[in-house]
Amino acid sequence: MYYTCICMYNPQRGGRRCNESIRSVENTKTKKMSAVKLESETMADGVSQLQKQLVDYTASLFDEAFLDEQFNQLQQLQDENNPDFVVEVVSLFFKDSERLVDELTKALDQQTVDFKLVDKNVHQLKGSSSSIGVQRVQRACIAFRDCSEEQNVEGCLKSLQHVKHEYSLVKNKLETLFKLQNQLLAAGGPLPR
């Protein structure tokens, strides 16, 4: 401030040139502060957009009956002490489901189909699907069990293909959901409840 006063009142010490330099420094500071504020606002807008995208995507999974209320209850069990709870449970579901689908494929490829084994595996897949709220896989398993109880090999083969299709769809949907959640967390935003 002292330098500003000397320059303004003493033309021999810099006068006009000095004032221009000071204004230039002040303008640079103002521009930097504006850039930081704009960057902060842009980040906040980005977080808001990611939150909206996540909420909309999650709603679509329920609207399209990929998930049901059981999935919401699963999410309620997640907390700050175990922030990856849902991902861990769903990952176990993926691993177990792939094993069961492989066993069902092998069982149905046999010359003589062991329908008790088929029914046991379909029942287990239906139960695990139900426990995490994967509704469309669960429904496909119900139709599969009906064919198994009727000992309908052709119906079981068609049902197996339907279960594989629904499983593949829900796996892709849940992986996308988890990616969106990770993007939001990486951007510094909280997950919506």
Side-chain angles (χ1 to χ4, degrees), residues 49-79 81-186 191-193:
Q49 288 175 350
L50 282 171
Q51 285 175 325
K52 182 179 179 351
Q53 186 179 2
L54 179 60
V55 167
D56 291 346
Y57 187 76
T58 303
S60 76
L61 295 179
F62 286 91
D63 293 343
E64 296 171 26
F66 283 103
L67 302 175
D68 64 20
E69 183 56 33
Q70 187 64 32
F71 189 79
N72 280 338
Q73 291 178 9
L74 182 67
Q75 287 181 310
Q76 295 300 319
L77 297 174
Q78 183 166 293
D79 59 18
N81 294 326
N82 196 358
D84 297 325
F85 178 74
V86 175
V87 171
E88 290 170 5
V89 170
V90 170
S91 294
L92 289 172
F93 166 75
F94 290 158
K95 185 177 178 181
D96 193 47
S97 295
E98 288 168 13
R99 179 188 57 80
L100 290 168
V101 167
D102 286 345
E103 288 180 18
L104 286 164
T105 301
K106 289 176 189 171
L108 291 171
D109 281 345
Q110 299 299 314
Q111 193 72 17
T112 304
V113 176
D114 181 351
F115 285 102
K116 285 186 179 183
L117 177 63
V118 170
D119 189 60
K120 179 185 128 230
N121 288 332
V122 173
H123 181 73
Q124 189 175 353
L125 182 58
K126 178 180 148 285
S128 60
S129 299
S130 177
S131 70
I132 68 163
V134 182
Q135 186 175 19
R136 286 172 50 166
V137 174
Q138 177 194 8
R139 287 182 180 167
C141 287
I142 291 170
F144 197 158
R145 273 195 90 193
D146 291 342
C147 292
S148 176
E149 288 173 358
E150 296 168 2
Q151 298 190 356
N152 178 347
V153 175
E154 188 176 316
C156 284
L157 289 170
K158 286 180 183 177
S159 293
L160 177 60
Q161 292 309 310
H162 185 63
V163 165
K164 286 180 177 180
H165 176 73
E166 291 298 335
Y167 169 75
S168 177
L169 288 174
V170 79
K171 183 177 181 184
N172 289 332
K173 299 281 186 180
L174 288 172
E175 286 172 346
T176 299
L177 176 69
F178 297 145
K179 284 178 187 173
L180 286 171
Q181 289 176 343
N182 287 336
Q183 287 175 351
L184 179 58
L185 292 171
L191 292 177
R193 278 282 178 188

Please report the closest heavy-atom contact between Ser131 and Gln70, naming both atoms and the distance.
O-CG, 3.2 Å
Interatomic distance, Ile132 atom CD1 to Leu67 atom CG [nearest 0.5 angstrom]:
8.0 Å
Run the side-chain contact (heavy atoms from CB on, under 4.5 Å) check on Gln53 and Asp56 step by step: do they pass?
CA-CA 5 Å; Gln53 186 179 2; Asp56 291 346; 5.9 Å; no
May I ask you to test the Phe85-Leu74 pair for a side-chain heavy-atom distance under 4.5 Å?
yes
So does Lys179 pair up with Glu175, basic N to acidic O under 4.0 Å?
no
Using modelled atom types and a 3.5 Å cut-off, is there a donor and acceptor pairing between side-chain atoms of Ser148 and backbone atoms of Phe144?
no
Would you sort out whether Thr58 and Phe71 count as a side-chain contact (heavy atoms from CB on, under 4.5 Å), showing the intermediate values?
CA-CA 11 Å; Thr58 303; Phe71 189 79; 5.7 Å; no
What's the spacing between Leu177 CG and Asn172 CG if we round to 0.5 Å?
12.5 Å
Kindly give the heavy-atom pair with the smallest separation between His162 and Ala140, and that separation in Å.
CD2-CB, 3.3 Å
Taking NZ, NE, NH1 and NH2 as the nitrogens, is one of them in Asp96 or Arg99 under 4.0 Å from a carboxylate oxygen of the other?
yes
Beyond-backbone contact of Val101 with Lys164, side-chain heavy atoms, under 4.5 angstrom
yes
Looking only at heavy atoms, the pair that brings Asp68 and Phe62 closest together is O-CE2, 3.1 Å
Least distance between heavy atoms, Pro192 atom then Val55 atom:
CG-CG2, 3.7 Å
To the nearest 0.5 Å, what is the distance between SG (Cys141) and CG (Asp146)?
11.5 Å
Among Val118, Leu117, Asp119, Leu125, which residue satisfies the side chain to side chain contact (heavy atoms under 4.5 Å, CB included) criterion with Asn121?
Leu117
Just by distance, no angles: are the side chains of Asn72 and Glu69 close enough, under 3.5 Å, to form a donor-acceptor pair?
yes
Counting N and O atoms only, with roles assigned by atom type, does the side chain of Ser159 sit under 3.5 Å from a partner on the main chain of Cys156, one being a donor and the other an acceptor?
no
Test the Lys171-Phe94 pair against the cation-pi criterion, namely NZ or CZ under 6.0 angstrom from the six-membered ring centroid and within 45° of the ring axis.
yes
Where do Glu166 and Phe66 come nearest, in terms of heavy atoms and distance?
OE1-CE2, 4.4 Å
So OG of Ser97 and CG of Leu92: to nearest 0.5 Å the spacing works out to 10.5 Å
Got a second to check how far His123's NE2 is from Leu100's CG, nearest 0.5 Å?
11.5 Å
Hey, are the side chains of Leu174 and Phe93 touching, using non-hydrogen atoms and a 4.5 Å cut-off?
no
Could you state the interatomic distance from CD (Gln135) to OG (Ser129), rounded to the nearest 0.5 Å?
11.0 Å
Measure the shortest side-chain to side-chain distance between Leu180 and Leu184 over non-hydrogen atoms and say whether it is less than 4.5 angstrom.
no
So, does Gln78 use its side chain to make a donor-acceptor pair with the main chain of Pro83 at under 3.5 Å?
yes
Has Ser130 got a side-chain atom pairing as donor or acceptor with Gly127's backbone, closer than 3.5 angstrom?
no
